[in-house]
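To start, the structure itself, in structure tokens.
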Amino acid sequence: MDLYWGSVVTPMGGALLVGSRQGIQRLWFEDTAQGVTLAGCQRADGRAQAVFASLMSEPATTVEQFDVQGTAFQRQVWQALLEIPLGMTTTYQVIADAIDRPKAVRAVANAIGANPIAYFIPCHRVVRSDGGLGGYRWGVERKRAILDWERDRVSRAA
DNA sequence: AGCCACTCGTAAA
DNA sequence: TTTACGAGTGGCT
């Protein structure tokens, strides 16, 4: 199997990263990482941190860059998330339209909630059509914090 | 069968 | 204007 795991420090707190030779499998924020199974994984903090750093400087653009498991529908949704630019937000409805399933908004939201790779598959950039923030598996406060942090980063770069 | 990180139309305050 | 509620909707367990 050849799975490794390690702790990494993200701008919004510690996280657990699990990966294989094919790429990251999961990235979970530590304070809500209950349920993550590390059985059969070798601890390799250095490797995890290197992969993390590389993704921070060069964001992924396709789901193939990760070793994620999911249904065809979920992978399609996650791919759409990777196309949202840093510092921008979109809505659940826009994602549903983008994958050509305009009526499956709710299913899209479920798929987004099932995203196994926090932050790098940017589910935090999806908000409600009515202007509300929507939900976040790791707490809406963190969702807001990530969005603020990203906007700040973009404005500094400009 | 039942659960949802949604959305829209309608209605009441 | 804002808030509340019902129904439509579809993937997933």
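Naming convention: chains lettered A, B, ... in sequence-line order (proteins, then strands); numbering from 1 in each chain.
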- request: Take atom OH of A:Y92 and atom C1' of C:dT9, then tell me their distance rounded to the nearest Å.
  value: 17 Å
query: Of the options A:Q22, A:R21, A:Q25, which is the one that meets A:D67 in a side chain to side chain donor-acceptor pair (under 3.5 Å)?
result: A:Q25
task: Measure from CG on A:L133 to C1' on B:dA5 and round the result to the nearest Å.
output: 10 Å
Whichever of A:K103 and A:A111 has its nearest DNA chain C nucleotide further upstream toward 5': A:K103
task: Could you walk me through whether A:V108 and A:R101 pass the side-chain contact (heavy atoms from CB on, under 4.5 Å) test, one step at a time?
output: CA-CA 9 Å; A:V108 163; A:R101 309 296 295 276; 5.6 Å; no
- prompt: How long is the line joining CG of A:L147 and P of B:dA5, in whole Å?
  reply: 18 Å
Interatomic distance where CD belongs to A:Q69 and C1' belongs to C:dC12 [whole Å]: 16 Å
- request: Please state whether the rings of A:F29 and A:W138 are parallel, tilted or perpendicular, taking 30° and 60° as the class boundaries.
  value: perpendicular
task: Take atom OH of A:Y136 and atom P of B:dC4, then tell me their distance rounded to the nearest Å.
output: 19 Å
message: Counting only side-chain nitrogens and oxygens, does A:S129 get under 4.0 Å of the OP1 or OP2 atom of B:dC6?
response: no
task: Kindly say whether, by distance alone, the side chain of A:R106 makes a donor-acceptor pair under 3.5 Å with the base of C:dG11?
output: no
- request: Send over the distance from A:D97 CG to B:dC6 C1', rounded to a whole Å.
  value: 12 Å
field: Base-pairing mate for C:dT2 - Watson-Crick or G-U, with both contacts under 3.5 Å
entry: B:dA12
- request: Provide the Watson-Crick or G-U wobble partner of C:dG10, both distances under 3.5 Å; none if there is no partner.
  value: B:dC4
- prompt: Can you tell me how far C1' of B:dA5 sits from CG of A:D130, to the nearest Å?
  reply: 13 Å
task: Name the nucleic acid region contacted by A:F73, choosing base, sugar-phosphate or nothing; use a 4.0 angstrom heavy-atom cut-off, strictly under.
output: sugar-phosphate
- prompt: Atom CG of A:N110 and atom P of B:dA5: how far apart are they, to the nearest Å?
  reply: 6 Å
field: Aromatic plane relationship, A:H124 with A:Y119 - under 30° parallel, 30 to 60° tilted, over 60° perpendicular
entry: parallel
field: A:W28 six-ring face occupied by A:R137 cation (under 6.0 Å, within 45°)
entry: yes
A:R101, nearest nucleotide to its side chain (from C:dG10, B:dT7, C:dG11): C:dG11
